[in-house]
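This is the structure, below, for whatever I ask next.
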Amino acid sequence: MSAVGHVPVNEHPHDDHHHEGNFFTKYIFSMDHKVIAKQYLFTALFMGIIGIAMSIFFRMQLAWPSESFKIFEIFLGKWAPGGVMSQEVYLALVTIHGTIMVFFVLTQGLSGTFSNLLIPLQIGARDMASGFMNMLSYWLFFLSCIIMLSSLFVESGAASAGWTIYPPLSALPQAIGGSGLGMTLWLVSMAIFIASSLLGSLNYIVTVINLRTKGLSMTRLPLTIWALFVTAIIGVVSFPVLLSAALMLIMDRSFGTSFFLSDIYIGGEVLHYQGGSPILFEHLFWFLGHPEVYIVILPAMGIASEILATNSRKPIFGYRAMIASILGIAFLSTIVWGHHMFVSGMNPFLGSVFTFTTLLIAIPSAVKAFNWITTIWKGNLQMNPSMLFSIGFVSTFITGGLTGLVLGDSTLDINVHDTYFVVAHFHLVMGISALYGMFAGIYHWFPKMFGRMMNKNLGYIHFWITIIGAYGVFFPMHFVGMAGLPRRYYDNTAFPYFDDLLEINVLITIFAIITALVQLVFLYNFIHSIIAGKKATANPWNSNSLEWTTPVEPIHGNWPGEIPHVYRWPYDYSKTNEKGEYVIAGQDYAPQNVPLQEGEEELNH
Amino acid sequence: MTVFLIIIVVALFAITVWQLTRIFQLSRNTNTLDSSQIANDKDNKTQGNLMLAFGIAFYIFMLYNFWSFGDRALPAASSEHGEEYDNLLLITMAVIMFVQVITQGLLHYFAFKYKGKKGQKALFFADNDKLEFVWTIIPVIVLAGLIIYGLFTWSDIMDIDEEDDPIVVELYAKQFSWIARYAGKDNVLGKANVRFIEPSNPLGIDNSDPYALDDVVTAEIHLPVDRPVLFKMRSQDVLHSAYFPHFRAQMNVVPGMITQFAFTPTVTTDAINETEYMRDKVARINEIRREKNEELVALGEEPLTDYDNFEYYLLCNKICGVAHYNMQMKVVVETEEEFNVWMAEQEEYSETLGDLIGAKKDRKSTGEELAQVEN
């Protein structure tokens, strides 16, 4: 099927009988990148529902400690005797919430969905370089989801050592129940997930490098493609390291090796482990773990850049600086992992080095934020829901990113490390921001995916309540952290000292419940619009990039005739000629496949 | 207070929903004309205005947070390096809030100011080297300052000077409690290893090491004020983290190795209880507990005790198992004299050991007697 991308462009390769196929090959085991993108999206949304529901459960426990809720009894069963959440399941929920949201929702919901959808469409390719590998990648992802979810039903409980699964806690079933079969399933699921992610990423990289249409040089690529391309590279560089860590942990757990364990006395006996180091695991984990947050946020940045430019009817400001900052962030992201480990017991000198590299990463991030703000300056802003979410993205990215100055500084990290300050920081900067990027992308490319429009008014309701709610959850949470309250505490009432934080926790939980509920509006809008949304036009947002030159009804191979050639960069919005008129009379945009007009200069962006 | 907050939030939420449904209905009517689901001028106007309103509301919300939750932040540091820490934190926070206020203001204001109108022409403004240079160089300078200040403070904190004659204390972590071991008169800790652990020797102290004999094992930490203390940390099972929030001190406790952290406490427990911050805090907490007690008594349950006095504490701050949330130890900072008195009351390890050997002999003899009886 990889031949699809190479079909000579002058042929008419897509006569209907060619790819009729049955239901299974068309919708289930499809090798069409658009179908695979939808499969990623549906799976990620489904996992997202579970992940968010979990967070509501443990937020309720934090606001109303050890109170009985019928809902716990229904969903948690034996883990909530009498409707009171048990300590075991609290930690399991926290762990699986983190795992699901980071990997299954934000990684594959963004990178998986939008790489698959946008790379071929925006670079003018008929499909991915390897359709089969692409299909394999999705089905491995699906398998890893199934295994992760099945771990929730294990007798001894799901993995509960935190999403960072630091050994020895994650290695010893004696230390916590979740480190038994639950942890094994977690590791197996993640190993399959990594395989899936690698297959996908390699495919994205090869496609972007090789299958760009004529005239589409790297400096004419939409920023979405740049972001997704670099994301894939980071994934290829860092995910294998997590795989090695997971394999070593599996060996420590099951085959008696001592990579991460040493000198342990537990359950009344000394274990045989000798010479390993948990700090080694931390290094390996964060060597992926930190790039991972950029794997999550870069696609969101690319999506926001594209949508801000389109809806501002203005070129993205500083296109080359945006590319440079994506590359800068990507490079730096692989050498900052140690800032998660300032107080891990590693050599303090390393802490100094990591402080230096970490604060450096603020520079490209700041450049990006300023460029986004300048992009909307003097624009003609079209307030579509996707635009609102992109503006929201910039807002939360700044708010969340700034507190990174505290956490990235080894000195200041000493006292806020592992407190709620960290939780507030990363939820805003990578959780909420990435979710906004994902929502923006869904609202924007929905017409491309389903040939229909989402309801904008429901979109507005969704946006406003979400942004109020999300800030309501995570802004006050900084103060809980500044009060010195550690994260992953089942209950904060064990100390009278924290009693006066309870009212903040109640406030946070109420906002969280409201925010979670309004996502149902989104879900309704999403599903309803797929079935009965208004039919879309070919280019509803008057956008320049190539995906809007395809027919509304998606076809296999994307373009019915020849693949369009590219003559310009994708951001010629409101470009005027010497007379001060739009270069194409009557429209404020000049699509990439439109040749330069008479007297029009191509600017060197 | 909580109830009040809940009412406000719910009320605001209700107003939001009401307003939004109105917008929804209004736009639905116009949708008969324009049902494209693409933002029209009317939407641009409404949403642009909402952006401004949100920007202002966000400012107010931030202020509200500082105003009503600001007092929950930890009190001024009770350790020597903590002062530097607090200073650096203050500067960083000032930078953060400055940038936050400006950028959020610009973002939301621009979203309002440049909301789309038919016929409005956007400015084709693709790049400007000068502008981009300026906002690359400003973060560079500010960050350079923060990095340098931070690194100096960091090396001050982490560079442990043994010549200051710090009191050496071992912090021993296990699921789910802390044990302290003072190095005793010789100020040298005896060797220890998990392989020596017995019910009578929970820290795994090497009995053959003469340095161990004067070690003192305790269930709470007492520290003389203004004297450096060096904590050497060991864990017997999983990762823990020794977190002393009031002293701006934290270090993970890692099985298989010894980690360390040194600081000098500067404020005694008595002194911090005299501060206005702590009096307010204790009063506030007691108020909350009294309210809670009314509920508890009404339910016929055991009421909570009053929070008489603030005590420093050591927390576990690395997930370590189900009771992670309740792994703590009391820390007392007192004058040198008080400390010496307390220390004199503690039992040295050699004494414990002596008792143990005695006890073991007793057990053995009774065992033999029993065996004889059975024969």
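Chain letters run A, B, ... following the sequence lines, proteins first, then strands; residues in each count from 1.
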Quiz item: Where do A:I391 and B:A111 come nearest, in terms of heavy atoms and distance?
Solution: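 Nearest pair, atom of A:I391 first, then B:A111: CD1-CB, 4.0 Å.
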Self-check item: Check: B:L107 main-chain N/O paired with A:W372 side-chain donor or acceptor under 3.5 Å
Solution: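 Not confirmed, A:W372 side chain does not pair with B:L107 backbone.
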Quiz item: Any sub-3.5 Å donor-acceptor pair from A:K378's side-chain atoms to B:F125's backbone N or O?
Solution: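 No, the answer is negative, given that no donor and acceptor are paired below the 3.5 Å cut-off.
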Practice problem: Go through A:L412, A:L91, A:T399 and name the one with the most non-hydrogen pairs under 4.5 angstrom from chain B. | Solution: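 Looking at each of A:L412, A:L91, A:T399 in turn, A:L412 comes out on top.
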Practice problem: Evaluate the side-chain hydrogen bond (donor to acceptor under 3.5 Å, both in side chains) criterion for residues A:N371 and B:W135: first the C-alpha distance (whole Å), next the side-chain angles of each, then the deciding distance (0.1 Å), finally the verdict. | Solution: CA-CA 9 Å; A:N371 284 2; B:W135 62 54; 3.2 Å; yes
Exercise. Return yes if some donor-acceptor pair links the side-chain N/O of B:N252 with the main-chain N/O of A:G345 below 3.5 Å, else return no.
Key: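 The answer is no, because no donor-acceptor pair under 3.5 Å joins these two groups.
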Exercise. Sort A:K534 into side chain, backbone, both or neither according to what part of it lies under 4.5 angstrom from a heavy atom of chain B.
Key: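 The side chain, not the backbone.
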Quiz item: For B:H81, is it the side chain, the backbone, both, or neither that has a heavy atom closer than 4.5 Å to a heavy atom of chain A?
Solution: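 The answer is neither part of B:H81.
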Self-check item: Residue, of B:C316, B:G48, B:A77, that accumulates the most heavy atom pairs under 4.5 Å with chain A
Solution: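 Counting heavy-atom pairs under 4.5 Å, the top option is B:C316.
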Exercise. Would you mind checking which part of B:M251 comes under 4.5 Å of any heavy atom in chain A, side chain (CB onward), backbone (N, CA, C, O), both or neither?
Key: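 Both parts, backbone and side chain.
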Quiz prompt | Per-residue contact mode, A:D588 against chain B (heavy atom under 4.5 angstrom) | solution =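 Contact with chain B is absent: no heavy atom of A:D588 under 4.5 Å.
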Quiz item: So, A:N380 side chain and B:K117 main chain: donor-acceptor pair closer than 3.5 Å or not?
Solution: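 Pair found, side chain donor or acceptor close to backbone of B:K117.
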Quiz prompt | Heavy-atom contact with chain A under 4.5 Å, split by part of B:R195 | solution =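 Contact with chain A is through both the backbone and side chain of B:R195.
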Quiz prompt | chain A contact via B:L146 - side chain, backbone, both or neither, heavy atoms under 4.5 Å | solution =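 Contact with chain A is through both the backbone and side chain of B:L146.
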Practice problem: Could you check which of B:Y109, B:F247, B:F310 has the highest count of heavy-atom pairs closer than 4.5 Å to chain A? | Solution: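 Looking at each of B:Y109, B:F247, B:F310 in turn, B:F310 comes out on top.
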Quiz prompt | Part of A:A161 lying under 4.5 Å from any heavy atom of chain B | solution =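 A:A161 touches chain B through backbone heavy atoms alone.
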Self-check item: Interface moiety of A:M346 toward chain B, non-hydrogen atoms closer than 4.5 Å
Solution: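 Neither the backbone nor the side chain of A:M346 comes within 4.5 Å of chain B.
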Practice problem: Spell out, as yes or no, whether a donor-acceptor pair under 3.5 Å connects the side chain of B:Y325 to the backbone of A:N492. | Solution: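 No: the side chain of B:Y325 does not pair with the backbone of A:N492.
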Quiz item: Which bit of A:T164 comes within less than 4.5 Å of chain B, counting heavy atoms only: side chain, backbone, both or neither?
Solution: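 Neither the backbone nor the side chain of A:T164 comes within 4.5 Å of chain B.
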Quiz item: Nearest heavy-atom pair of B:D237 and A:Y265: which atoms, and what distance?
Solution: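 Residues B:D237 and A:Y265, closest heavy atoms: CB-O, 3.8 Å.
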Quiz prompt | Contact class of A:P385 relative to chain B, heavy atoms under 4.5 angstrom | solution =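 Neither part, no heavy atoms under 4.5 Å.
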Exercise. Report the option among A:G392, A:P315, A:G275 that has the most heavy-atom pairs separated by less than 4.5 Å from atoms of chain B.
Key: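 Maximum pair count with chain B is reached by A:P315.
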Quiz item: B:Q120 side chain to A:G379 main-chain N or O, any donor-acceptor pair under 3.5 Å?
Solution: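 Yes.
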Practice problem: Starting at CG of B:L151, measure out to OG1 of A:T355 and round the result to the nearest 0.5 Å. | Solution: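 OG1 of A:T355 is found 5.5 Å from CG of B:L151.
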Exercise. Quick one: which of B:T259, B:T92, B:I285 has the most heavy-atom pairs under 4.5 Å with chain A, could you say?
Key: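 Sorted descending by pairs with chain A, the first entry is B:I285.
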Practice problem: Name the region of B:R289, side chain, backbone, both or neither, that has any atom closer than 4.5 Å to a heavy atom of chain A. | Solution: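 Interface part for B:R289: side chain.
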Quiz item: Taking atom NZ of B:K174 and atom CD1 of A:I264, what is their separation to the nearest 0.5 Å?
Solution: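 Separation between the atoms: 15.5 Å.
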Quiz item: Which one of B:L106, B:T103, B:I258, B:T153 has the most heavy-atom pairs closer than 4.5 Å to chain A?
Solution: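 Most heavy-atom pairs under 4.5 Å with chain A: B:T103.
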Quiz item: Do B:F152 and A:T411 have side-chain heavy atoms sitting under 4.5 Å apart?
Solution: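 No. Closest side-chain heavy atoms not under 4.5 Å.
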Quiz item: Got a salt bridge between B:D43 and A:K456, using NZ or NE/NH1/NH2 to carboxylate O under 4.0 Å?
Solution: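 Looking at B:D43 and A:K456, the cut-off is met.
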Quiz item: Can you say whether B:Q236 sits under 4.5 Å from chain A via the side chain, the backbone, both, or neither, judging by heavy atoms?
Solution: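 Looking at B:Q236, backbone and side chain both touch chain A.
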Quiz item: Checking heavy atoms, do the side chain of A:V270, its backbone, both or neither come under 4.5 Å from chain B?
Solution: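 Just the side chain, heavy atoms under 4.5 Å.
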Exercise. Please state whether the side chain, the backbone, both or neither of B:V322 comes within less than 4.5 Å of a heavy atom of chain A.
Key: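 For B:V322, the contact with chain A is made by backbone and side chain together.
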Practice problem: Counting only heavy atoms closer than 4.5 Å, note whether B:M93 contacts chain A via side chain, backbone, both or neither. | Solution: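 Just the side chain, heavy atoms under 4.5 Å.
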Quiz item: Could you state the interatomic distance from CG (B:L239) to OH (A:Y166), rounded to the nearest 0.5 Å?
Solution: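 Rounded to the nearest 0.5 Å, the CG-OH separation comes to 8.0 Å.
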Self-check item: Contact origin within A:Y571 toward chain B - heavy atom pairs under 4.5 Å
Solution: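 For A:Y571, backbone heavy atoms alone lie under 4.5 Å from chain B.
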Quiz item: Do any N or O atoms from the side chain of B:N44 and from the backbone of A:M383 form a donor-acceptor pair under 3.5 angstrom?
Solution: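 Flag set: sc B:N44 to bb A:M383 pair under 3.5 Å.
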Exercise. Check each atom of A:I316 against the heavy atoms of chain B and say whether the ones under 4.5 Å are side chain, backbone, both or neither.
Key: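 Only the backbone of A:I316 comes within 4.5 Å of chain B.
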Practice problem: Select, from B:T305, B:I288, B:I197, the one with the greatest count of heavy-atom pairs under 4.5 Å involving chain A. | Solution: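 Sorted descending by pairs with chain A, the first entry is B:I197.
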Self-check item: Part of A:A366 lying under 4.5 Å from any heavy atom of chain B
Solution: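 Side chain of A:A366 only, per the 4.5 Å heavy-atom cut-off to chain B.
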Quiz prompt | ring-ring contact (aromatic ring centres under 6.0 Å, His included) partner of B:H324, the single match among A:Y489, A:Y490, A:Y90 | solution =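 By the ring-ring contact (aromatic ring centres under 6.0 Å, His included) criterion, B:H324 pairs with just one of A:Y489, A:Y490, A:Y90: A:Y489.
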Self-check item: Close aromatic pair by centroid cut-off 6.0 Å: B:Y313 and A:Y497
Solution: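 They qualify: ring centres under 6.0 Å apart.
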Quiz item: Heavy-atom distance under 4.5 Å to chain B: side chain of A:S312, backbone, both or neither?
Solution: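 Contact with chain B: backbone only.
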Quiz item: Is there a side-chain contact between B:R284 and A:D499 (heavy atoms, below 4.5 Å)?
Solution: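 Result no, sub-4.5 Å side-chain heavy-atom pair not found.
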Self-check item: Top contributor to chain A contacts, counting heavy-atom pairs under 4.5 Å, from B:E311, B:K292, B:H246
Solution: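 Max contact count across the listed options: B:H246.
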Exercise. Could you tell me the separation between the CG atom of A:D418 and the CG atom of B:N317, rounded to the nearest 0.5 Å?
Key: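 Separation between the atoms: 4.5 Å.
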Quiz item: If you measure from CG on A:L402 to CD on B:Q104, what distance do you get to the nearest 0.5 Å?
Solution: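 CD of B:Q104 is found 8.0 Å from CG of A:L402.
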Quiz item: Below 4.5 Å, heavy atoms only, C-beta onward: do B:L50 and A:F463 meet side chain to side chain?
Solution: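 When only atoms from C-beta onward are counted, A:F463 and B:L50 do not touch, as no gap falls below 4.5 Å.
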Practice problem: State the CZ-OG1 distance between B:F110 and A:T375, to the nearest 0.5 angstrom. | Solution: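 Output value for this atom pair is 11.0 Å.
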